[in-house]
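Every chain is numbered from 1 and lettered A, B, ... according to where its sequence line falls, protein lines coming before strand lines.
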Number of protein chains: 2
Amino acid sequence: MSPITPGSRTSPPQPGNLTLLSTDPAASRGGRATGATRRPAEDAFAADGRSTRWADHREARRAELVRIARRTVHHQGPDVSMEEIASAAGTSKSIVYRYFADKTGLQIAVAEAVVLQIQGALEGVLRVAPTPREGLRAMVAVYLEMIESSPHVYAFVTRNGSVESGGPLGHFLDSVTALVAAPFARGLTETSDDGRRTARRPEAEPADATSARIALAESWAAGAVGFVRGAGEWWLAHRDEPGSPDREELTVQVAAWLWAGPVGLLARERRTDDAHPPTEAGTQTSTAHTSTTQEDR
Amino acid sequence: MSPITPGSRTSPPQPGNLTLLSTDPAASRGGRATGATRRPAEDAFAADGRSTRWADHREARRAELVRIARRTVHHQGPDVSMEEIASAAGTSKSIVYRYFADKTGLQIAVAEAVVLQIQGALEGVLRVAPTPREGLRAMVAVYLEMIESSPHVYAFVTRNGSVESGGPLGHFLDSVTALVAAPFARGLTETSDDGRRTARRPEAEPADATSARIALAESWAAGAVGFVRGAGEWWLAHRDEPGSPDREELTVQVAAWLWAGPVGLLARERRTDDAHPPTEAGTQTSTAHTSTTQEDR
DNA sequence: CCACAGTACCTGATACCTTCGGTTCCGTGA
DNA sequence: TCACGGAACCGAAGGTATCAGGTACTGTGG
């Protein structure tokens, strides 16, 4: 492959922002020299053209590498080495390492691309049928479609390389969780389950209650994503066995479960008791206290 | 540590069978010389004393290594190398590799130990309060207790090394899923949600309907485990933030969600419609068909 | 105003280091 | 003779260093 000269201005610098969910601290691992730190455009000094001239080229090249990595993973499986990816890109490892700090950086970049695509698909569906019920079903559908259409990329993106990558889940699942939590948290405050606004708690809510409600939404979202993940991976492994549902059946089933669970429960308890915090502690709160693990023996 | 000579008969050879869920194909990876293949007791030849002499020593040593590995992971984190584990055991890598085929074999063995422990704790709780509702709560509680008391071991056991390890989930999650699916599948056929027997479909059910019901139970179990996993890992990462619930609150919440979801849904639809398959396809079945991923571009 | 030297950055390659999973070999002891 | 146990060894993979180019921007002298 001939070297891409910066003057050629090959492709437009990739749609929207790749920094979705940039609040994540480890997102900075994505690229070592993305330019956000040393771009002199906002600097006091005038922009040195020798520095700025590579900006869009870098972006394009990086996106290209992400694309190639994704394709390679799709074909070769999630265990591809960096050398394989580099040679698939017609270059050598050092180039890849120039754009991504390490392998998890590349993984994060691929995950961001996939999340962006999921987000797009989701928005497309929701623009057609914007009921919350349908939104949930669309999320499940999109997730399962993705998992089926490219299980290798899914595995690559889902896998968490080491512990020290911020959260315990990979960034992909984190992003998806945030994607799911946002409308749910909104619905938790504003809308009822039939889509009509009810103006719950319009004002004068203590701050800790707010954060508790947000935490509630996030924990549910994490669990819901986990549910879809678990059911999806189970299905991926068992879908050839007799009696296993096909994707659409599973989609409907999982969406129904999730819908009947938290959303319906919240709607029900809101209908009956509003001041009561939504822990639904109807049963006793005594934990098992079985002291399950004694690792230190 | 002094070498354990085979005649010493140190510890009893670990309670019950370690071959829990031995239907799993990759469970044979657990140990290269566990004896299932070359134990001469069932062989045509008479038991050679020189061979049988080591049998219990092997078992004890293996269990000891599992214990040490677990302890080491608990302290050093899930990224310990085999050499670290070996030196923690006061020996060298080759010994470890004599008892475990590879690192995932060791991982599986540790996972089996943990699952065994979870199972024991679960049975203890259920012997006290054997209602299904309480069973679900106990499962969630045990899982979250484990995840909290030793996140490193949890991470070690949960992580799936490569793709070619049978299922996409690690054996730990597979085992836990089976653990959860079993009572649920039983309850799906026999008991109602209030614990009274209803004798549903006593006979003359087509075989495919049976397998479909089993698949339904398993998919729900996989999803439920995923839900607990997702919520638990989210909680592990966010529990220090304001508004986050403590473990007991989360336990109650998650159990309520899961209970209200599938179990309540099944109970509800059983109450209304029995012949109708439990997909609850009240809404339209048209999938999104957004064709989310095009990896091959 | 313009050519030329210098500079800043990129590309691509090869060799190298380190870590770690896994294997081989050999001595030893019951 | 058999298994044990240690230590050296191997190969793969992530990641780094350094090299030789190459191209466009910048400044300065004629």
Using whole Å, what does the distance between atom [atom2] of nucleotide [N] and atom [atom1] of [X] come to?
{"X": "B/Lys103", "N": "C/dT23", "atom1": "NZ", "atom2": "P", "value": "14 Å"}
{"X": "A/Tyr99", "N": "C/dG12", "atom1": "OH", "atom2": "C1'", "value": "12 Å"}
{"X": "A/Gln107", "N": "D/dG15", "atom1": "CD", "atom2": "C1'", "value": "17 Å"}
{"X": "B/Leu106", "N": "C/dG21", "atom1": "CG", "atom2": "P", "value": "10 Å"}
{"X": "B/Met82", "N": "C/dT23", "atom1": "CE", "atom2": "P", "value": "10 Å"}
{"X": "B/Arg62", "N": "D/dG5", "atom1": "CZ", "atom2": "C1'", "value": "19 Å"}
{"X": "A/Arg61", "N": "C/dC9", "atom1": "CZ", "atom2": "C1'", "value": "14 Å"}
{"X": "A/Asp102", "N": "C/dT19", "atom1": "CG", "atom2": "P", "value": "17 Å"}

Stepwise side chain to side chain contact (heavy atoms under 4.5 Å, CB included) check, A/Tyr154 with A/Tyr143: CA-CA 10 Å; A/Tyr154 172 75; A/Tyr143 197 97; 3.0 Å; yes
Contact nearer the 5' end of DNA chain C, comparing B/Glu84 with A/Ser92: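 Closest to the 5' end, via its nearest nucleotide, is A/Ser92.
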Touch class at under 4.0 angstrom, heavy-atom based, for B/Ser81 against every strand present: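 Sugar-phosphate contact only.
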Sugar-phosphate, base or nothing in reach of B/Thr91, heavy atoms under 4.0 Å: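 Since only primed, P, OP1 and OP2 atoms lie under 4.0 Å of B/Thr91, the category is sugar-phosphate.
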Side chain B/Ser244, main chain B/His238, donor-acceptor under 3.5 Å: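 Checked: pair present.
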A/Thr104 side chain to A/Gln107 backbone, donor-acceptor under 3.5 Å: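 Side chain of A/Thr104 to backbone of A/Gln107: no pair is present.
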Donor/acceptor link under 3.5 angstrom from B/Lys93 side chain onto base of D/dG6: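 Answer no: no donor N or O sits under 3.5 Å from an acceptor.
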Options C/dT11, C/dG22, D/dG6, nucleotide nearest the side-chain atoms of B/Ile95: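 Nearest to the side chain of B/Ile95 among the choices is D/dG6.
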Closest-nucleotide ordering on DNA chain D, the 5'-leading residue of A/Val80 and A/Ser94: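 On the 5' side of the pair lies A/Val80.
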C/dA13 OP1/OP2 closer than 4.0 Å to side-chain N/O of A/Tyr97: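 Answer is no, no contact under 4.0 Å.
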Under 4.0 angstrom between A/Arg98 side-chain N/O and D/dT16 OP1 or OP2: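 No.
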Test item: side-chain donor near acceptor, A/Ser150 and A/His74, under 3.5 Å: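 A/Ser150 vs A/His74: donor-acceptor pair found between side chains.
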Heavy-atom side-chain contact between B/Arg229 and B/Thr158 under 4.5 Å: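 Result yes, sub-4.5 Å side-chain heavy-atom pair found.
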